[in-house]
Protein chains: 2
Amino acid sequence: MTNRKTGAVDLSGQGQDQAVTRKSGVALWRQIADQIRQAISAGTLGTDGKLPPELVLSERFGVNRHTLRSAIAALVQEGVLRAEQGRGTFVESRQKLSYPISARTRFSTGLRSQTRDRRSLLLAHAVEPATKRVADGLGLAEGAPVVRLETLSEADERPVSRATNWFDAERFPGYAEAYAETGSITLAFQRFGIGDYFRKSTLVSARHADAADLADLKLSAGAIVLVAIATNVDAEGVPIQYAETRFVADRVELSVSTDA
Amino acid sequence: MTNRKTGAVDLSGQGQDQAVTRKSGVALWRQIADQIRQAISAGTLGTDGKLPPELVLSERFGVNRHTLRSAIAALVQEGVLRAEQGRGTFVESRQKLSYPISARTRFSTGLRSQTRDRRSLLLAHAVEPATKRVADGLGLAEGAPVVRLETLSEADERPVSRATNWFDAERFPGYAEAYAETGSITLAFQRFGIGDYFRKSTLVSARHADAADLADLKLSAGAIVLVAIATNVDAEGVPIQYAETRFVADRVELSVSTDA
DNA sequence: TTCGTTTGTATAGAACAATAGACAAATACG
DNA sequence: CGTATTTGTCTATTGTTCTATACAAACGAA
């Protein structure tokens, strides 16, 4: 509410403790859970792998210990924290995955150093007429047949992204099968003679995860997803893939390098 | 909860009505408000400028009419909707602003066509020692003096972004004053002989708005911000600006063009 | 005017969120 | 061992959110 005015001079440094907002549609325990999760990945909490005691945290946030415990319970459920009676509460995983975005972006590459185990799952696929949005993205006529692929990516046994991919069904018949066998967009393209391809554009936005994404990404309600809408083109500049990927915002950041 | 397995075949098209999740820290009216806001900017609701009647919407979301009314009340408060007794509920503003990100990114340019009125406000400024993160971004030693600028950007009388900017205080003494007088990052740099500069990298993430941003950006709790952390360099490649910008996720999308 | 549609207001009860205080159980440490 | 620290469980109370039902007020059209 306190609106600062032009010409004000100082304010406390970044990264200080944030206040919680009462009676505003978001439960206190959820606000606190979000802040703790964020503080952990920002490195301002639990840097030694251990969280301060519940009593300390509850006083810092200005809430009852039970309320704080609800927040911790949610994070334990998510796998961010691990609580041990008599010992304390510990940080389970900390680092954000950084996905590079450039002309040569393939989401699967560049991550090998950041994670041990990385898997891609094909959830579903179908051939269907293109909506206007998809048709525009692929340079096809509205209603033209396209292959749709629903995929889920995991790193270290935990879901990180959920993607919907579209391909021209006439140019790439049986793409879904090729993907299912190779487990890779790049390898599947190779079966159709696409040796190299490029990221033409990426549109980044953010929103709350919808019900389907909540389930697939194993998130609790209110979680945020980073949405990247991308168009890939072949060597001639013809669009070959249109994709919408939803990343778990807590685990991922997108790195855009724009060296001219 | 219902986890689909590998090899499944079809599911309903994108953009259908989303379910609301009960007892999960986020009030139903807030979830619904978020979905309506999103559906409007996605063009799947109120395309004719008018929302369906409350009774229809409440049935579609599976909640009581009062709950839906709370959602609408929040959106009216935000300025997204306008309700008229006896006539209906109308959409007040609809389009998302698209911010280009490229080597030549200046957030103020490229928006002239999208909005009539655009303003930048200096909220606060200070000289202070650099944290490790800021020092790394600017290529300085930790603790070196830096100028910090807190700015707020508005388009069409409504806040769209909130930025924290850091500059080397030794190289740019009095940068804050230069900015205050010119009202522009680019013009302020010109006073220090920087004729041209480039976006070196942008890191994009998303999170819930914190209390300070909620106030400055006039959001209600639970709102999402897109966070862009950027490094700008001069013609020689030396970092001159490190900035963290929080965009209102509902009003903004970032457009990354990566033409190789 | 009369009627149907739509938003606005009121009231009461059920479900959930948050507070308060007390005590149990596991751990670490002297 | 005994004590302090810390997480886990229990009960009770209060306030907010959601539901259910009813009716009022404004608007548009027959």
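Note on naming: letters A, B, ... go to the chains in the order of the sequence lines (proteins, then strands), and numbering restarts at 1 for each one. Note that the structure is a prediction, hence the values are computed from the model and not measured.
Within the nucleic acid shown, S70(B) has no heavy atom closer than 4.0 Å to any nucleic acid atom.
Salt-bridge annotation for K50(A) and E84(A): absent, with no side-chain N of the basic residue lying under 4.0 Å from a carboxylate O of the acidic one.
Residue H66(A) places no side-chain atom within donor-acceptor reach of the base of dA17(C), judged by atom type and a 3.5 Å distance cut-off alone. A donor N or O paired with an acceptor N or O is not found under 3.5 Å between the base of dG21(C) and the side-chain atoms of R65(A).
A donor and an acceptor atom, one from each side chain of T164(B) and E244(B), are nowhere located under 3.5 Å apart.
For the pair R87(B) and dA26(D), the criterion of a side-chain N or O lying under 4.0 Å from OP1 or OP2 is not met. Look at T67(A) and you'll find a side-chain N or O under 4.0 angstrom from OP1 or OP2 of dT19(C).
The 5' end of DNA chain C is approached more closely, in terms of each residue's nearest nucleotide, by L68(A) than by the other of E84(A) and L68(A). Comparing A27(B) and P53(A) along DNA chain D, the residue whose closest nucleotide (by nearest heavy atom) sits nearer the 5' end is P53(A).
Rounded to whole Å, the distance from CD1 on I32(A) to C1' on dT19(C) is 13 Å. In this structure, CG of N64(B) is placed 13 Å from C1' of dA12(C), rounded to the nearest angstrom. dT6(C) atom C1' lies 10 Å from atom CZ of R69(B), rounded to whole Å. Distance E54(A) CD to dA25(C) C1': 13 Å, rounded to the nearest Å. For L55(B) and dG8(C), the CG to P distance is 14 Å, given to the nearest whole Å. Rounding to whole angstrom units, CZ of residue R82(A) and P of dT7(D) are separated by 13 Å. Here the P atom of nucleotide dA18(C) and the CG atom of L57(A) are 16 Å apart, to the nearest Å. If you take CH2 of W29(B) and C1' of dA15(C), they are 18 Å apart, rounded to a whole angstrom.
Once rounded to the nearest 0.5 Å, the distance linking CZ of R246(B) with CG of L226(B) reads 12.5 Å.
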**Prompt:** Going through the distances and angles, do T245(A) and V227(A) end up as a side chain to side chain contact (heavy atoms under 4.5 Å, CB included)?
**Reply:** CA-CA 6 Å; T245(A) 308; V227(A) 183; over 6 Å; no

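Checking side-chain atoms of T67(A) against main-chain N and O of V63(A) turns up no donor-acceptor pair under 3.5 Å.
Listed nucleotides dT7(D), dA25(D), dA18(C) differ in distance to Q85(B); the shortest reach to its side chain belongs to dA25(D).
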